[in-house]
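Single-structure report; data block below.
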Amino acid sequence: MRLQKLIAVSSLTLVSIFTLVGCGSTSQSQTPTDTARIMSKDVVSTADSSMATDIVSAQAITNTMEGLYRYQGKKLEPAIATKVVQPTNNGLTYTFPLRKNAKWSNGDPVTAQNFVFAWRRTVDPKTKSQYAYIYEGIANAKAITEGKKPVNSLGIKALNNYKLQVTLEKPIPYFNELMAADFFFPQNPKAVQKWGKKYGTNSKTLIFNGPYKMVNWNSADNSWTQVKNNRYWDAKDVKVPKLKYQVVKDASTALNLYQANKLDRVELSGDTSKQMKGSKGYGVLKQNSTVYLELNQKKLAFFKNQKLRQAMSLAINRQQLTKKVLGNGTSVANSVTASNMAFNPDNKQQDFTDATKKTGLANTKYDLAQAKELWQQGLAETGQKKIKISLLGDDTDIAKQQSEFLQSQLEKLPGLKVELNNVPYKSRLSRSVSGDFDVVVTMWNADFPDPINFLTLFTTTGSYNSGKWSNSQYDALVNQSLSQDANNSSARWQDMVAAQDILNEQQGVIPLYQNGQAFMTHSRLQNLDYGPDSLYNMVSLRIKK
């Protein structure tokens, strides 16, 4: 799960940025023709692909490093691999031929051994990678992370310098999609071994194999520059010589910098987004991330009643929530699985959420009359007359406004009293995991574009199933998609659709909205290629002269 941080801007940052704006607007003739100037919401915490957990660091790594594949639009394309391969041995073996012209920025060849080194390092318990779990399913990966087997037993082998073989314990239908993610990128052993724990903390510790190189960067820097890597195997297609990122944590400040022609692309939120909607340069990107309510069925047994859950869902006007309260590019979600992410293998025009739209809409539309009826029935079935619950959420301003809106909506149900409990993000996360909540507003970001990313969350034994909703038929369908139907794309699709329909009908969790990010973008930036992994492919970027 890629984390997206929401952090209050410091007064020092505001002063320095407003000083910059106060210097006066840059005329069009002074706008650099070789540089794309882009806002970032936070610093790059690490450029070590074994250790990165946040979206900002992942983007920096994707700009400067490269793995087996890379997304071109929604299409998976070969990168260091020479082709997108199909598995053999009943889906258990992947053999990747590698480019012989791929080089590191120091001139070293990128070899199969570099992948072996990186993958072993990531699963090694000594590394303490938070993404080691994503390797589960590769032979011996879980046993290695648990300290039960040696690191060199991982199912990855360099057959020669330019042929890499990976062995799985069971078929992983989305394995090729995983191979585009930065936590599977190769690493140059020279750099890692030389710098040890300092590796990835500044640019001098890094050797790059991607389209750009990070220069004069330290992990605490509020700005950083990436320059074209002339040793990149596809350097001829990299047309923008320089990327310059600036950390801006306040939407109003970001807009000021954009309007002063100091930045070419900035993120907006809240009132600033509402203000600029419809103006030239305004746009919204839908993200593979959804926000939903989890109801703690272990703590409050009455939440096991399906009618109470359905009533709470129908009592929420999601259109008002997304348009009037949030106003930042979010869109109504009828399903906890993100839309515009996965498509029917037999009908590429059918989005996964379209296939489950009937059950989704029936249980998430705003219908207060039906909600009240179901609520009264649920109260009678559970023997409750009045219910008092606490709604747990984050403590940012926008999260507090969201909680207040949900409180006002839910308290229209007769006999329901909702108290608000807004706490710092880390506290909300830890309390969700420990089960210390009644109802919690939570979010999931997909790591790869497949519905299973969301569906596995809510199986009975799922580690992120904080609400403890349980349905044996749902569990069986999810497990079937990962086992007997793993190599049958059509059957697997039907398994996942059926599972989502059950989750929709029962409102095991209550979907609220899909995250979207509002942007202002100068027309000089063209071909911003945003992939289904929620990252940009900067090889595609162009600057209009």
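The first residue of the sequence shown is numbered 1, and numbering continues consecutively from there. These figures come from a predicted structure and were not determined experimentally.
Using cut-offs of 30° and 60° on the angle between ring planes, the pair Tyr131 and Tyr133 is parallel.
Counting only N and O atoms by type, the side chains of Asn261 and Arg37 include a donor and acceptor under 3.5 Å apart. Asp394 and Thr396 are not linked by any side-chain donor-acceptor pair at a separation below 3.5 angstrom, with hydrogens and angles left out of the test. A side-chain N or O of Ser50 and one of Thr122 form a donor-acceptor pair less than 3.5 Å apart. Inspection of the Trp233 and Glu66 side chains reveals an N or O donor paired with an N or O acceptor under 3.5 Å. If you check the side chains of Gln514 and Ser331, you find no donor sitting under 3.5 Å from an acceptor. Side-chain N/O atoms of Arg70 and Asn537 include a donor and acceptor closer than 3.5 Å. With 3.5 Å as the limit, one finds a donor-acceptor pair spanning the side chains of Tyr513 and Gln402. Counted by atom type alone, Asn63 and Tyr245 present one or more donor-acceptor pairs between their side chains at under 3.5 Å.
Side-chain N or O atoms of Asn176 include one that pairs as donor or acceptor with a backbone N or O of Val85 at under 3.5 Å. Panel note: side chain Thr290, backbone Val336; a donor-acceptor pair is recorded below 3.5 Å. Put simply, the side chain of Asn288 gets close to the backbone of Pro532: a donor and an acceptor are under 3.5 Å apart.
Ring pair Tyr135/Phe184: centre-to-centre distance below 6.0 Å. Checked against the 6.0 Å centroid threshold, Tyr292 and Phe458 count as a close aromatic pair. Phe352 has its ring centre no less than 6.0 Å from the ring centre of Phe343.
Electrostatic pairing of Asp234 and Lys236 counts as a salt bridge here, judged by a charged N lying under 4.0 Å from a carboxylate O. Salt bridge Arg121/Asp124: absent, no basic N to carboxylate O contact under 4.0 Å. A salt bridge links Arg492 with Asp450: the distance from a Lys NZ or Arg NE/NH1/NH2 to an Asp or Glu carboxylate oxygen falls below 4.0 Å. Taking a cutoff of 4.0 Å between a charged side-chain nitrogen and a carboxylate oxygen, Asp108 and Lys190 qualify as a salt bridge. Taking the charged nitrogens against the carboxylate oxygens, Lys197 and Asp48 have no contact shorter than 4.0 Å, which rules out a salt bridge.
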Verdict with supporting geometry, Glu136 and Lys142, side chain to side chain contact (heavy atoms under 4.5 Å, CB included): CA-CA 5 Å; Glu136 290 182 14; Lys142 188 173 183 180; 4.0 Å; yes

Pair Lys41-Val248, side chain to side chain contact (heavy atoms under 4.5 Å, CB included): steps then yes or no: CA-CA 6 Å; Lys41 291 179 73 171; Val248 188; over 6 Å; no

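Shown are Lys244, Lys242, Arg524, Lys544; of these, the salt bridge (Lys or Arg N to Asp or Glu O under 4.0 Å) with Asp264 is made only by Arg524.
Within a 6.0 Å radius of CD in Gln349, no more than 12 heavy atoms belonging to other residues, nucleotides or ligands are found.
In this structure, Val116 and Leu164 have side chains that are in contact, with non-hydrogen atoms separated by less than 4.5 Å.
Note that Arg99 lies outside the cation-pi zone of Tyr162, set by a 6.0 Å cut-off to the ring centre and a 45° limit from the axis.
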